Amino acid sequence: MAEKLAPEKRHSFFHGNQKVFEWDQTLDEVNMYINLPKGVPTKLFYCKIQSKHVEVGIKGNPPYMNHDLSSPVKTDSSFWTIEDDILHITLQKRDKGQTWSSPIEGQGQLDPYAADLEQKRLMLQRFQEENPGFDFSQAQFSGNCPDPRTFMGGIRSD
C-alpha cells in the first residue's frame, strides 16, 4: 500500500529551456535525476555529497552543478549511481519527514500549491508507515496539512 503514496511524478528544474534535473522525495530521502551528455564515458563523471552541498561534474572540467542543498543530509547514507545515462543521487534527509521545496537552495522552488501537495503526500506516507495494514491512499486533508515531522508528537524513531 505504501507504493500508492509514492511520488506520482518527478518535479523538474529548468534553466532557460534546458532541464537541469528532476527530483522527488519520500519521508526519508530526496532523489535527484540528471540526464548525462551522450558520448562521455560514465567513469569520467563524479558526484561529491557533503552535509549541505552537492557537486557534480566531469573529471578535469569545472563542475556542472556546484550548489548548497536546501537542508542537511546524512552523508554516510547518501549515494549516487549512473544507469542508462542518468545520474541518480539519493540524499538521505537528516530530518526525516521534512518537506523540501527543492533539493538545491534557491533553485527551482516548488510553488506554494505544489509544496502543499508534497507536504500532504508525505503526511499520508507517515500515517501509512506508522499504521501498516491501513490504506491511506484515498485520504484527504481539509485545510492546512500539519508538518509530518511534528504532528502528534513527531515521527517515531526505531
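Since the structure is predicted, the reported quantities are computational estimates derived from the model, not experimental observations.
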* **Any donor-acceptor N/O pair, R121 side chain to Q25 backbone, under 3.5 Å** => yes
* Between A115 and T99, what is the shortest heavy-atom contact and its length? -> O-CG2, 4.2 Å
* To do: State yes or no: do M123 and F134 share one hydrophobic cluster built from I, L, V, M, F, W and Y residues joined by side-chain heavy-atom distances below 4.5 Å, directly or via other members?
  => yes
* Asked: Given I89 and V54, is the side chain to side chain contact (heavy atoms under 4.5 Å, CB included) satisfied, shown in steps?
  -> CA-CA 10 Å; I89 304 170; V54 66; 4.2 Å; yes
* Heavy-atom check, side chain of W100 versus side chain of L110, under 4.5 Å -> no
* Kindly indicate whether the side chain of W23, heavy atoms from C-beta on, has any atom under 4.5 Å from the side chain of V30. => yes
* To do: Indicate whether the side chain of H11 and that of E118 have a donor and an acceptor atom separated by less than 3.5 Å.
  => yes
* **Atom of V73, atom of I49 and distance for their closest heavy-atom approach** => CG2-CG2, 4.2 Å
* Asked: Taking C-beta and beyond as the side chain, do F13 and I104 meet within less than 4.5 Å on heavy atoms?
  -> no
* Structure fact -> ring-ring contact (aromatic ring centres under 6.0 Å, His included) pairs touching residues 54-76, sequence neighbours excluded, are none
* Asked: Rounded to the nearest 0.5 Å, how far does OG of S77 lie from CZ of R94?
  -> 11.0 Å
* Asked: Without hydrogens or angle criteria, can the side chains of H88 and T90 be said to hold a donor-acceptor pair below 3.5 Å?
  -> yes
* **Test item: S12 side-chain N/O and E22 main-chain N/O as donor-acceptor pair under 3.5 Å** => no
* **Heavy-atom check, side chain of F45 versus side chain of V40, under 4.5 Å** => yes
* **Student check: side-chain heavy atoms of D95 and K93 closer than 4.5 Å** => no
* Could you check H53 against L69 for side chain to side chain contact (heavy atoms under 4.5 Å, CB included), going step by step and ending with a plain yes or no? => CA-CA 5 Å; H53 195 84; L69 297 169; 5.7 Å; no
* Main-chain N/O of S78 paired to Q92 side chain as donor or acceptor, under 3.5 Å -> no
* Is I34 reachable from V20 through a run of I, L, V, M, F, W or Y residues, each pair having side-chain heavy atoms under 4.5 Å apart? -> yes
* Flag yes if L44 and W80 sit in one hydrophobic cluster, no otherwise; membership is Ile, Leu, Val, Met, Phe, Trp, Tyr, and two members link when side-chain heavy atoms are under 4.5 Å apart. => yes
* Side-chain hydrophobic cluster, 4.5 Å single linkage: members besides L117 -> Y113
* Asked: Is there a side-chain contact between E55 and Y46 (heavy atoms, below 4.5 Å)?
  -> yes
* To do: Could you please spell out the steps behind the side chain to side chain contact (heavy atoms under 4.5 Å, CB included) verdict for L87 and F21?
  => CA-CA 9 Å; L87 175 68; F21 61 85; over 6 Å; no
* **Heavy-atom closest pair, residues K52 and S70** => NZ-O, 3.4 Å
* Asked: Do the side chain of N131 and the main chain of F127 share a donor and acceptor less than 3.5 angstrom apart?
  -> yes
* **Exercise: identify the closest heavy-atom pair between S51 and T75** => N-CG2, 3.3 Å
* **Closest non-hydrogen atom pair between R126 and P148, with its separation** => NH1-O, 2.9 Å
* To do: Would you check if E129 and L27 make a side-chain contact, meaning some heavy-atom pair closer than 4.5 Å?
  => yes
* **Residue pairs fulfilling salt bridge (charged side-chain N to carboxylate O under 4.0 Å, His left out) with at least one residue in residues 77-91, sequence neighbours excluded** => K38-D85
* Asked: Just checking, is any N or O donor in the side chain of Q98 or S71 under 3.5 Å from an acceptor N or O on the other one?
  -> yes
* To do: Please report the C-alpha distance between F136 and Q125 in whole Å, then the side-chain angles of each, then the deciding distance to 0.1 Å, and finally whether the side chain to side chain contact (heavy atoms under 4.5 Å, CB included) criterion is met.
  => CA-CA 8 Å; F136 291 96; Q125 193 178 61; over 6 Å; no
* Report yes if the side chains of M32 and V56 come closer than 4.5 Å at any heavy-atom pair, otherwise no. => no
